[in-house]
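Worksheet: one structure, shown below.
Predicted model, so just to flag it, every value in this text is computed and none were measured. Numbering starts at 1 and runs along the sequence shown. Just follow the structure's listing: the first ligand is 1, and inside any ligand the first atom is 1.
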Amino acid sequence: MKKLILLIVLSLAFIACGQEDPNQKFDAFKETFITQLWKIYPDWASSVGYHHYDSILAVPNKESNDKRLAFAAEKLTELFSFDLDKLSENNKTDYRLIENQLNSIKWYINAEKSFEWDPSGYNVSRSFAEMLTNNYDSLDTRLHDLGLKLVFVPAYYEAAKQNITNPTKEHTELAIAQNLGGVSVFENDLKSALENSQLRESEKQEITVRAGEAVVAIKDYVAWLKNLDNKNPRSFRLGKDLYDKKFEFDIQSGYTVDQIYEKAIARKIYLHKKMAAFANQLWPKYFGSAMKPADTLVMIKQVIDKVSLKHVHPDSFQIAIERQIPELAKFVKEKDLLYMDPSKPLVVRKEPDYMAGVAGASITAPGPYDKSGNTYYNVGSLSGWDKERAESFLREYNYYILQLLNVHEAIPGHYAQLVYSNQSPSIVKSILYNGAMVEGWAVYAELMMLENGYGNNEPEMWLMYYKWNLRAVCNTILDIGVHTKEMSEESALSLLIKEAFQQDAEAQGKWRRVSLTSVQLCSYFTGFTEIYDVREMLKMKQGDKFRLKTFHEKFLGYGSAPVKYIRDMMLLVADKEDNE
Ligand code: ZN
Ligand code: ZN
């Protein structure tokens, strides 16, 4: 009896403590935050595998913006009621990520206002296409939801027309092309899905009628855009004030835009110097006693072109990648760089059809609502490519670059980072993950592997690495230059072709990308720089005690959080150890 009473007293005490534990309270807050977030962002919810709101399309009118603003204000108040110092490290970063997200909702609606000037932000075909191609539920259930969602399409495009005031020329053209391109989802894909379904004939017919109305709305939107009397189009350049803020919200760096720009310029000069040394060293091997061009950049380019000729056969592109993964894992283990959990293998597969068209490789990880799924390494096939196009692609992804690509995408890059971030599961971090940390890690992994002797310090490998790294560096110079410094198309192309050794087609594509997007192109170099700087700082602090493997595992253990917060936490731990 005494024992029983003690047990009751103990468990009551435990419950009472539990209620006061700020972390438990914060966990509950996070749950409601996410559930409510999905309600006002149904498309975002579907894209991460939360399918409760699949039948809803958010109509982008003032009412919907007001709802989102009210949500942001309410949740910020709730958030501020927590004492940050009392939260666990995991919850501290979640707190920061949520705070940033809520402020960012406010800023995008009140200041950035791309809903007024970017007509390509309005396009329904993609989310409908995903409902047709992703097998998360039975076809009939997906089609039923799709039918309900279709009802909103005409109102969606009416709201779009109301919102648009001074669209940029570039985004208007993109909107026309992409919306027209999306019509086939309703006219073809949906039609064949309906043929395969077991839905009642009457429902099928209803869906067909609504799809017809959706197509009319899309075509009407396109015609409206084409006839728009846009006397004062906005410039596609974001402008310094907006850019600085967007960088703050999207990158969450410890550095400012100006600091990152300076660092990128300095890195470009450093890389050119290194490349010149290696190209000089390699010149006799590839050109014998031929005269070197007087212009160093031209000389480097000629050596790069020769080294690029070493590449795999088009038919063995996938096999070459498959063979490399275990070799990379072996190297990481032998050099004691990072522990890799052998129970979570990476599955290499041919790129599925719905992704086709983008050659190269990418990682698909299971979403936060589907943890048991496999992680895939999707490899594009070159079958059906004409000889010239395949050759040019293979020179770009030559023997050396292909290895760097695998390091970046798989081991110890994106895939390894994912395995670690899944070990500290936080649904907040998996939906609000920091892109600069994720990309920065993969870019850091490339240099780290070479520093540790991957590629046997062959001058060709280093030269190619520097070219590859130069791409991330010049993306940053380009993005900041174009959006805040009026960089012209001519000097942009010259930067990419002459100074970053890119092919014309690649450079043109990059110019197009920078005129349609902003800030994202900076994430690779910014994250890389920050991670590298944290490492060097800890090396200095810890001296002989610094262990690379420990650094990597601790760093990754914090999950996909902004580097500046990981840095603070790691420095705090290092300080404590110092004082012991
Ligand atoms: Zn060739
Ligand atoms: Zn990447």
- request: Measuring from the Zn ion (ligand 2), name the closest N, O or S atom belonging to His408.
  value: NE2
query: Please state the angle at the Zn ion (ligand 2) spanned by NE2 of His414 and OE2 of Glu439: what is it, rounded to 10 degrees?
result: 90°
field: Centroid separation Trp468 to Tyr465 less than 6.0 Å
entry: no
message: Can you classify the ring geometry of Trp107 versus Phe249 as parallel (below 30°), tilted (30 to 60°) or perpendicular (above 60°)?
response: tilted
message: If I consider every N, O or S atom in Glu391, which one ends up closest to the Zn ion (ligand 1)? I only need its name.
response: OE2
message: Ring-plane angle category for Trp385 and Phe393, please: parallel below 30°, perpendicular beyond 60°, tilted otherwise.
response: perpendicular
task: Using the side chain to side chain donor-acceptor pair (under 3.5 Å) rule, collect all pairs that involve residues 288-299, keeping only residues at least two apart or in two chains.
output: Asn280-Lys292
